[in-house]
Protein chains: 2
Amino acid sequence: MKAQELHGHLDALLLAVLEQGALHGYAIIEALRARSDGNLDLPTGTIYPALRRLERAGHVASTWSTVNGRERRTYQLTDDGRRALAGERAGWREFRTTVGQFLDPAGPPPGTPA
Amino acid sequence: MKAQELHGHLDALLLAVLEQGALHGYAIIEALRARSDGNLDLPTGTIYPALRRLERAGHVASTWSTVNGRERRTYQLTDDGRRALAGERAGWREFRTTVGQFLDPAGPPPGTPA
DNA sequence: CTTCATGCGTAGCAACGCTACTTGTCAGAC
DNA sequence: GTCTGACAAGTAGCGTTGCTACGCATGAAG
């Protein structure tokens with residue numbers, strides 16, 4: 001899929017991936033690819049700057065480690081990040097509903113129950 | 001809602017609004033606001049350039065008319081635009097599913113049935 | 001010894017929507 | 001008579017964001 005459309009939702013995806021456990025950048029890329037059935041194949045030039053943004057924002061924290069002589073920077077969600085993720089989820093639901101009113105076939109999307 | 005997230009989906013929204021009949025720019029803004037329960041309140045600086053993009057792309061065609069001494073530019077979907085809208089709908093569904101795999105609570109989103 | 005997977009990173013670009021502004025008519029308030 | 005506000009169109013310039021295309025380094029495999 002054209003990843004251009006991700007605009008503004010990438011941060012949420014990253015937080016969601018890290019929700020299930022700390023990962024380093026390279027592993028995040030693979031996790032995104034795996035969990036999306038290969039639909040999301042994001043280049044490093046997208047991920048690394050995004051992670052630094054998230055760190056600057058306080059949503060994630062990073063720690064360096066060396067595995068097999070290779071330097072890894074492992075990112076983990078902070079409490080602030082967890083809160084941010086909740087907000088992103090709410091925002092996503094609203095976005096999805098709003099846009100869905102125009103692009104989904106008629107009938108209320110049951111993804112937003114009650 | 002933050003319209004920033006619209007990035008890449010605005011064209012689809014515009015095509016979807018025009019699907020139900022030709023409208024002029026100002027009316028499109030009101031239609032978006034109405035059909036989204038006020039969630040989508042887009043400024044003219046967003047709509048007008050977008051419509052010109054769509055026209056340049058051949059997805060819509062415009063005709064001028066004067067109503068009550070006020071100049072109106074009415075946009076209507078072209079056949080090409082109708083095809084584009086179908087594509088946008090497919091893209092939206094894919095996007096929604098992909099991102100939903102990360103941001104929606106577990107369980108298959110019934111918005112994508114079968 | 002060279003290639004490939006792993007792993008991090010930056011510089012510069014392009015796309016897109018937003019803010020802020022301008023121009024103009026008409027209706028209604030003052 | 002004037003002025004405000006809804007209607008109606010438009011542009012210039014900005015900021016954010018993701019992408020392309022690089023560079024650097026290690027370890028394993030051929």
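Sequence lines set the chain letters: A, B, ... in the order given, protein chains first and strands last, and positions in each chain run from 1.
For A:Thr44 and C:dG9, a side-chain-to-base donor-acceptor distance below 3.5 Å is present, hydrogens and geometry of angles not being considered. Taking 3.5 Å as the limit, the base of D:dC7 and the side chain of B:Arg70 contain a donor-acceptor pair of atoms between them.
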Working for side chain to side chain contact (heavy atoms under 4.5 Å, CB included), residues A:Leu15 and A:Val60: CA-CA 8 Å; A:Leu15 294 176; A:Val60 302; 4.1 Å; yes
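The shortest distance between the side-chain N/O atoms of A:His24 and the OP1/OP2 oxygens of C:dG7 is below 4.0 Å. Note on B:Arg72: every side-chain N or O is 4.0 Å or more away from OP1 and OP2 of D:dC7. Distances shown here put every side-chain N or O of A:Arg53 at or beyond 4.0 Å from the OP1 or OP2 atom of D:dT16. OP1 or OP2 of C:dG9 has not a single side-chain nitrogen or oxygen of A:Tyr48 nearer than 4.0 Å.
A distance of 9.5 Å separates CZ of A:Phe95 from CG of B:Leu40, quoted to the nearest 0.5 Å. Atoms CG and CG, from B:Leu10 and B:Leu32 in turn, are 8.0 Å apart once rounded to the nearest 0.5 Å. B:Leu23 contributes atom CG, which lies 12.0 Å from atom OH of B:Tyr75 (distance to the nearest 0.5 angstrom).
Nearest nucleotide to the B:Tyr26 side chain, out of D:dG18, C:dG17, D:dA8: D:dA8. Comparing atom distances between the A:His7 side chain and each of C:dT10, D:dG18, C:dG17 picks out D:dG18 as nearest.
Protein atom CG of B:Leu51 is 12 Å distant from nucleotide atom P of D:dT11, rounded to whole Å. As rounded to whole Å, 6 Å separates atom P of D:dA28 from atom CG of A:Asn68. Rounded to whole Å, the distance from CG on A:Leu10 to P on D:dC19 is 7 Å. B:Leu6 has its CG atom 14 Å from the C1' atom of D:dT16, to the nearest Å. Note: CZ (A:Arg73) to P (D:dC24) measures 20 Å, nearest angstrom. Atom-to-atom, CG of A:Leu23 to C1' of C:dG7 comes out at 14 Å; the value is rounded to the nearest Å. Between A:Leu42 atom CG and C:dG9 atom C1' the separation is 17 Å, expressed in whole Å. Per the geometry, CZ belonging to A:Arg52 stands 16 Å off P belonging to D:dG18, to the nearest Å.
The closest donor-acceptor contact from the side chain of A:Thr46 to the backbone of A:Leu42 lies at 3.5 Å or more, if one exists at all.
Taking for each of B:Ala27 and A:Pro43 the nucleotide of DNA chain D with the nearest heavy atom, the 5'-most of the two is the partner of B:Ala27. Where A:Thr46 and B:Glu71 each meet DNA chain D at their nearest nucleotide, the meeting point lying more 5' is that of B:Glu71.
Across all strands shown, A:Gly25 has heavy atoms under 4.0 Å from sugar-phosphate atoms exclusively, and none from any base.
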